[in-house]
Amino acid sequence: MILAIAAAVGILGGLAVLQFRGDNGRAVVESFAHAWKRGNYPAMYVTVDPVQRRSLPLSTFTAAYRRAATIATATGVSTGKLREVGDDWILPVRVHTRAFGIVNGTVRLRVTPGEQRYVRWSRTLTFPGLTPGASLSRHTRAPRRAPLLARDGRPLASSDGVPSDLGASTGITGDLGQATGARSRALVAAGFPADTAVGVSGLQQALDTRLLGQPGGTLLAGGRVLARSRPVPAAPVRTSLDPRIQRAAQTALGGQFGAVGVVKPSTGEVLGLAGIALDGAQPPGSTFKIMTVTAALESGIVSLRSQFPVKTGANVGGRFLANAHDEACGGDLTESFSKSCNSVFAPLGVKLGARRLVDVAQRFGFNQPPSIPGAKPDVIPPASEMPDPAEVGASAIGQGRVLATALGMARVGAVIATGGLRPQLTLLHGERPRLVRATSPKVAALVRGLMLAVVNGEGATGNSAAIQGQHVAGKTGTAELGGDQPNDAWFVAFAPASAPKLAVGVLVVNGGFGGETAAPIARDVLLAGLGGG
């Protein structure tokens, strides 16, 4: 508690200037200590002798404390009971740090004489234990990097980052390298030496913070040791990757430029990644219709009994959106979905409107920060940026400015597989599942039925994903990229449909049609995951 009266008497550079009167200096020292605990450097600054402040800008004062905190890897400061010693005050200070544990010490504060009291400041007040002329410094060491393990506990990479035979065969462990830019600054701020190897790709990058461990070293005030700590390696990191599924994904994708993402729907665990599954965002084409039809069913705009005219395309806002192969299609909702009729779903998107279309996409995980480091977000423009019916219609069929990754679309399939719950994706095995409601179980069940028809219906677009003895639910996608570029081929699937074990998203860049190129890849991955291949 401040024991004397403190009154604001003016403004200095936008800061209130306080005068501390009527005691032996305790009030101003307590104000200094209280502001330090809160990390409020401007409030500390106004306790400093005004004569000193003339040649000590606030920016210089603040930089001195921030530099000390960075060197010490400080995360917080607490202070103890003041003790008066002659003309000085001794303030116990406890600094909590990332690299050195808790550093205990004192600072000695002297106040100006007279009726108005202020702190006479020096750099010894930036950290406990500093003496005149001594600088705060550190020598730190990184521990050995933790090894990477597969889902079954077998090693994927050693503590030196070297892939095992199993890790090399999965092609996803990644490489180590030097941190640069903001990442390098964050590494040093956490107490690691600047040359510490970090993950620059694959699992090594995505799980870097868990693999690094805890740095250790020596914190010095001049030549005097203030604190010592030992580096502590992190425990081996057991990933969610299933080697069998991982190899199947890579083999099925082969030399094609694209991606495969595989998810366990009930937990969000990533079972397999191949190609650009994490960061290759492309227009998802008609796989987006999973979300469009969800919103249409939720709002009551359509039902399974709805009928649509048979057409080769639709004019939407002055833009003609054709069906794949310029096929004439329509009929009831099941047939329109299984044959992926743009002539049905583009106008349906306009009828829904931008707000409801964006809302359903966001519930399925679009426009959300990725839960896996290094992953690209799946995005759809805000409703306010889609006033044109043509863009709303294009977005409803996964075109326009809509972008998604194969892993993101695997999550979309997982929402339907779980009865409407969206899992938070993770690369770690055994984490507590985190699921949020994206749509109702009733609507999810209806969409599941539509996706079953895509794979099993006569003449449907996803027949090549069918597996004998298994019920596979899926959705094809063929995304136009403009100009003379071949289409992107997509497929989203989950199986077994009644009790899903895995959901798959497949993208083949410039691969043509989803049912012809992407669906067979999904089939091979599903076979491996279901124990049939």
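Positions are given from 1 along the sequence. Just the heavy atoms: all of them, side chains too, but no hydrogens, waters or symmetry mates, feed the values below.
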On a heavy-atom basis, which atom in Ala438 and which in Arg422 lie closest, and how many Å separate them? CB-CB, 4.3 Å
So, Thr294 side chain and Val447 main chain: donor-acceptor pair closer than 3.5 Å or not? no
Does some side-chain heavy atom of His96 sit less than 4.5 Å from a side-chain heavy atom of Val77? no
Just how far is it from atom CZ of Arg247 to atom CG of Leu241, taken to the nearest 0.5 Å? 11.5 Å
Beyond-backbone contact of Gln205 with Pro373, side-chain heavy atoms, under 4.5 angstrom: no
Please determine if Lys475 forms a cation-pi arrangement with Phe337, meaning its NZ or CZ atom is less than 6.0 Å from the six-membered ring centre and no more than 45° off the ring axis. yes
Check whether any side-chain N or O of Thr405 sits under 3.5 Å from a backbone N or O of Gly408 as a donor-acceptor pair, and report yes or no. yes
Please check this pair: side chain of Asp160 against backbone of Val162, looking for a donor-acceptor N/O pair closer than 3.5 Å. no
For the atom pair CD1 (Ile380) and OG (Ser395), what is the distance rounded to the nearest 0.5 Å? 5.0 Å
Judged by modelled atom types alone, do Ser286 and Lys289 share a side-chain donor-acceptor pair under 3.5 Å? yes
Is there a side-chain contact between Thr439 and Arg437 (heavy atoms, below 4.5 Å)? no
Using a strict cut-off of less than 4.0 Å between a Lys/Arg side-chain nitrogen and an Asp/Glu carboxylate oxygen, indicate whether Arg319 and Asp388 qualify as a salt bridge. no
Under 3.5 Å donor-acceptor, Thr517 side chain and Gly514 backbone: no
Other residues, nucleotides and ligands only: do more than 12 of their heavy atoms fall within 6.0 Å of NZ on Lys442? no
A side-chain contact here means heavy atoms from C-beta on lying under 4.5 Å apart; do Val198 and Gln178 qualify? no
How far apart are the closest heavy atoms of Ala518 and Trp490, and which atoms are they? CB-C, 3.5 Å
Side-chain touch Ile416/Phe364, heavy atoms, less than 4.5 angstrom: yes
Ser371 side chain vs Leu425 backbone, donor-acceptor pair below 3.5 Å: yes
So, the side chain of Thr62 versus the backbone of Tyr41: is there a donor-acceptor pair under 3.5 Å, distance only? no
Quick one, Asp378 and Leu403 - any side-chain contact, counting heavy atoms below 4.5 Å? no
Side chains of Asp152 and Pro243: closer than 4.5 Å at any heavy-atom pair? yes
Within the 3.5 Å criterion, strictly below it, is a donor on Thr426 or Glu269 matched to an acceptor on the partner's side chain? no
Run Asp242 and Lys264 through salt bridge (Lys or Arg N to Asp or Glu O under 4.0 Å) and show every step you take. CA-CA 10 Å; Asp242 184 313; Lys264 185 176 181 180; over 6 Å; no
Ignoring hydrogens and angles, tell me if any N or O in the side chain of Asn487 forms a donor-acceptor pair with the backbone of Phe513 under 3.5 Å. no
Could you check if a side-chain atom of Leu203 sits within less than 4.5 angstrom of a side-chain atom of Leu156, using non-hydrogen atoms only? yes
What is the distance from atom OG1 of Thr173 to atom CD of Gln246, rounded to the nearest 0.5 Å? 9.5 Å
If we ignore hydrogens and angles and just use 3.5 Å, is the side chain of Asp175 paired with the main-chain N or O of Ser201 as donor and acceptor? no
Is there a donor in the side chain of Gln307 and an acceptor in the side chain of Asp332, or the other way round, less than 3.5 Å apart? no
Take Val402 and Val379 through the side-chain contact (heavy atoms from CB on, under 4.5 Å) test and state the conclusion after the steps. CA-CA 6 Å; Val402 180; Val379 296; over 6 Å; no
Please test Glu298 against Arg363 for salt bridge (Lys or Arg N to Asp or Glu O under 4.0 Å), starting from the C-alpha separation and ending with a verdict. CA-CA 13 Å; Glu298 288 173 339; Arg363 283 185 274 127; 2.8 Å; yes
Under 3.5 Å: donor-acceptor pair, side chain of Asp359, backbone of Arg355: no
Provide the closest heavy-atom pair for Leu427 versus Ala206 in the form atom of the first, atom of the second, distance. CD1-CB, 3.6 Å
Establish, from distance only, whether the side-chain atoms of Arg144 and Ser159 form a donor-acceptor pair under 3.5 Å. yes
Would you say the side-chain atoms of Thr461 pair up with the backbone N or O of Thr476, donor to acceptor, closer than 3.5 Å? no
Indicate whether any N or O donor in one side chain lies under 3.5 Å from an N or O acceptor in the other, for Arg145 and Gln204. yes
Check the pair Phe366 / Phe288 against ring pair (Phe, Tyr, Trp, His ring centres under 6.0 Å), numbers first and verdict last. CA-CA 11 Å; Phe366 278 62; Phe288 191 90; 5.8 Å; yes
